[in-house]
Amino acid sequence: LVRTPKLAGAAVSLQYVNGHLAQALTRGDGQLGRDITLKMEELVPNVIGIKGEIQITGEVVAPDTTSNARNFAAGSLNLKDYNEFRERSKALRFVAYDIQGIKYERLSQAMDHLAQNSFNVITHFDATDYPTDGEVFRVDNYDAFYKMGYTAHHPRGAWALKEQKAGVSTELLNVVWQVG
């Protein structure tokens, strides 16, 4: 098993063709994501030493010191003004958590290979200063991981142990009605 932090940011998928960043997409609705290739060129290597066609999935995160860090990361990727994104991108990091298109025996080997190609990877990333909402436990062996299959929502070979945030009680003191 591999144990990693469950980062709270914006999920992104990168496609590299013969070592060149070809396309970057947000998760979108799960079927169709937004093209953010130009923005991701600021956060990831544009050229890597991995040939063929590969897909790298990961999370764009902002540090805890950023107000509402998860929304800051997702909102930054959706900005229309590229110059504003470039300014915000100084606070953002892309952290890879999987790769498809190359056969690795283990996730840990795949992450080591991505780290050698200048990526932040979930198995080496110090998430101390970044928002997390639990931990992810994943089967390290890819064959065993894929053999376990998928539910409609997630792979059976990985599961998240989420933290339950403490709730607070509030009291409604007044309501002002308006006609509108």
Side-chain angles (χ1 to χ4, degrees), residues 2-50 53-101 107 110-136 138 153-155 158 160-168:
V2 175
R3 176 179 160 188
T4 61
K6 185 175 180 316
L7 296 173
V12 170
S13 178
L14 308 172
Q15 181 184 32
Y16 283 82
V17 177
N18 292 322
H20 296 273
L21 179 62
Q23 188 174 44
L25 299 171
T26 63
R27 178 179 14 209
D29 62 6
Q31 299 293 321
L32 182 63
R34 178 177 299 206
D35 189 326
I36 54 167
T37 307
L38 187 62
K39 293 172 183 164
M40 290 305 295
E41 287 175 350
E42 298 288 329
L43 301 178
V44 298
N46 293 315
V47 179
I48 59 175
I50 302 173
E53 190 171 322
I54 62 165
Q55 179 178 313
I56 299 169
T57 51
E59 199 90 2
V60 173
V61 293
D64 281 331
T65 54
T66 306
S67 179
N68 208 343
R70 182 179 191 160
N71 288 347
F72 180 86
S76 296
L77 295 175
N78 289 321
L79 286 171
K80 292 185 182 356
D81 183 341
Y82 181 73
N83 289 326
E84 186 177 351
F85 173 79
R86 286 191 79 199
E87 189 59 36
R88 283 190 182 196
S89 71
K90 296 172 186 168
L92 299 174
R93 299 288 174 269
F94 174 79
V95 182
Y97 54 70
D98 204 1
I99 181 173
Q100 294 87 33
L107 174 70
M111 294 299 100
D112 288 347
H113 193 205
L114 287 177
Q116 292 166 5
N117 279 273
S118 302
F119 283 94
N120 293 310
V121 295
I122 196 66
T123 53
H124 301 163
F125 188 69
D126 180 5
T128 304
D129 296 327
Y130 291 84
T132 62
D133 56 359
E135 294 179 308
V136 174
R138 179 178 160 155
H153 302 287
H154 59 273
L161 179 61
K162 291 187 167 190
E163 298 171 3
Q164 289 289 359
K165 302 291 183 182
V168 295

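Just so it is clear, the values below take in all heavy atoms, side chains as well, and ignore hydrogens, waters and symmetry mates.
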Q) Is the side chain of Glu59 donor-acceptor paired with the backbone N or O of Gly9 at a distance under 3.5 Å, no angle test? A) yes
Q.
As an exercise, state the distance from CD1 of Ile56 to CG of Asp98, rounded to the nearest 0.5 Å.
A. 10.0 Å
Q) Ala10: what forms a side-chain contact (heavy atoms from CB on, under 4.5 Å) with it, not counting sequence neighbours? A) Ala74, Leu77
Q. Is there a donor-acceptor pair under 3.5 Å between the side chain of Lys39 and the backbone N or O of Ser89?
A. no
Q. Between Asp112 and His124, is any pair of side-chain heavy atoms under 4.5 Å apart?
A. yes
**Q.** Sub-4.5 Å side-chain heavy-atom contact between Phe85 and Leu92
**A.** yes
**Q.** Minimum side-chain heavy-atom gap Val12-Val44 below 4.5 Å
**A.** no
Q: Taking the side chain as every heavy atom from C-beta outward, state whether Asn78 and Arg34 have any atom pair closer than 4.5 Å.
A: yes
Indicate every side-chain donor-acceptor pair of residues 64-72 with a distance under 3.5 Å to a residue at least two apart or in another chain.
unit_1	atom_1	unit_2	atom_2	d
Thr66	OG1	Pro63	O	3.3
Asn68	OD1	Asn71	ND2	3.4

Q | Among Leu161, Val136, Thr132, Ile122, side chain to side chain contact (heavy atoms under 4.5 Å, CB included) partner for Lys6 | A | Val136
Q: Mind telling me whether Phe119 and Phe94 have parallel, tilted or perpendicular rings, with 30° and 60° as the class edges?
A: perpendicular
Q: May I have all residue pairs that pass side-chain hydrogen bond (donor to acceptor under 3.5 Å, both in side chains) and include part of residues 113-123, sequence neighbours excluded?
A: Tyr104-His113
(Q) Any heavy-atom pair between the side chains of Arg93 and Val61 that's under 4.5 Å? (A) yes
(Q) Among Arg88, Lys90, Arg86, exactly one meets salt bridge (charged side-chain N to carboxylate O under 4.0 Å, His left out) together with Glu42. Which residue is that? (A) Arg86
Q. Atom OG of Ser13 and atom CD of Gln23: how far apart are they, to the nearest 0.5 Å?
A. 8.5 Å
**Q.** Main-chain N/O of Ala24 paired with Thr37 side-chain donor or acceptor, under 3.5 Å
**A.** yes
